[in-house]
Amino acid sequence: MCGMFQRRVLPRIVVLASGNGSNFEAIANATQKGLLKAEIQALLVDRECFAVERAKRLDIQWIRLEKPWNSSLTKYLERLKPDLIVLAGFMRILPSEIVKEWQWKIVNIHPSLLPAFPGMHAIEKAYNYGVKVSGITIHFVDEGVDTGPIIFQKALEIKRDWSLKKLEEEIHKLEHRYYPLVIQKVLEKKWKIVGRRVILEEDIG
Ligand code: GRF
């Protein structure tokens, strides 16, 4: 009888950001729409950034990491015990202890088709290189810079007349659409590892 009234507990995620926070907001919107069945426990930031303004508007707890930021991060992760750590424009390399402790529980999004253009300013680098196809990559985090096992990629053809600004807009649209969907699959454990390959059980989009 009691079981009928038990509330379903949603998986819990924390989002780490350092900048604009548009991916954080897309994830938050997806949780509100039920596209992503998860609860955002907190936004963690390592600096003053616009993502915090979004958290305030969305009424989501936000935490500014103290210095030294990596022990502060460890402390909050131990306290929050999230099911998944979501990097969304977090401008720091996670220390190897955190990466090891949370293996397969940290995801990142990168605005290029990795392994092309890792690191900062990926959209600009791809554009200036003159590639005809770019896209987004969502991957598990390992100890390298944008080197972890790839979960999902979406390619985007760069049209002849596109400006850098247009490419940025199109990349962000893809990010906002797909990051929540991929997070959902990861939380549902609808993936397996074969060698280095992450195989999703179902296609996304
Ligand atoms: C995104 O392009 C993401 O791929 C990269 O950093 C950017 C963050 O954008 N890792 P925002 O802060 O979510 O708007």
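From a predicted model like this one, the values you see are computed outputs, not experimental measurements. For ligands, and for the atoms within them, numbers begin at 1 and follow the listed sequence.
- Closest protein heavy atom to atom 14 (O) of ligand 1: Ser22 OG, 2.5 Å.
- Counting atoms of ligand 1 from 1 in the listed order, those under 4.0 Å from a heavy atom of His110 are 4 (O).
- Phe140 and Trp191 have tilted rings, their planes meeting at an angle from 30° to 60° on a 0 to 90° scale.
- Distances between N or O atoms of Gly19 and those of ligand 1 include no value under 3.5 Å.
- Atom CD of Glu48 has 12 or fewer neighbouring heavy atoms from other residues, nucleotides or ligands inside a 6.0 Å radius.
- Close approach of ligand 1 to His172 is summarised as follows: ligand atoms under 4.0 Å from at least one heavy atom of the residue are 2 (O).
- Among Asp142, Asp146, Thr137, the one residue that satisfies the side chain to side chain donor-acceptor pair (under 3.5 Å) test with Asn108 is Asp146.
- Inclusion of Asn108 in the set of residues having an N or O under 3.5 Å from an N or O of ligand 1 is not warranted.
- Ligand 1 lies out of reach of Ala17, whose nearest heavy atom is not under 4.0 Å from it.
- Distance CG/Leu35 to CZ/Arg177: 11.0 Å, rounded to 0.5 Å.
- Connection of Tyr129 to Leu164 is established within a shared hydrophobic cluster, with ILVMFWY side chains joined at heavy-atom distances below 4.5 Å, either directly or through further cluster members.
- Applying the 4.5 Å side-chain rule to ILVMFWY residues, one finds Val14, Leu16, Leu44, Ile63, Leu65, Trp69, Leu73, Tyr76, Leu77, Leu80, Ile85, Phe90, Leu94, Ile98, Val99, Trp102, Ile106, Val141 in the same cluster as Leu87.
- One distance of note links CD1 of Ile123 with CG of Asn128; it measures 12.0 Å at 0.5 Å rounding.
- Using a 4.5 Å heavy-atom cutoff, the side chains of Ser22 and Phe50 are not in contact.
- Considering only non-hydrogen protein atoms, atom 7 (C) of ligand 1 sits nearest to Gly89 CA, 4.2 Å.
- Nearest protein heavy-atom neighbour of atom 12 (O) of ligand 1: Gly21 N, 2.8 Å.
- Numbered from 1 in the order shown, with element, the atoms of ligand 1 that lie under 4.0 Å from a heavy atom of Pro111 read 2 (O), 4 (O), 5 (C).
- The ligand atoms of ligand 1 that sit less than 4.0 angstrom from a heavy atom of Asn20 are 12 (O), 14 (O).
- The protein non-hydrogen atom at the shortest distance from atom 9 (O) of ligand 1 is Asn23 ND2, 3.7 Å.
- Annotation: atom 10 (N) of ligand 1 to nearest protein heavy atom, Ile109 O, 2.9 Å.
- By the 3.5 Å distance cut-off applied to N or O atoms, Phe24 is not counted among the residues near ligand 1.
- Heavy-atom contacts from other residues, nucleotides or ligands closer than 6.0 Å to CG of Asp59 number 12 or fewer.
- The ligand atoms of ligand 1 that sit less than 4.0 angstrom from a heavy atom of Glu175 are 1 (C), 2 (O), 3 (C), 4 (O).
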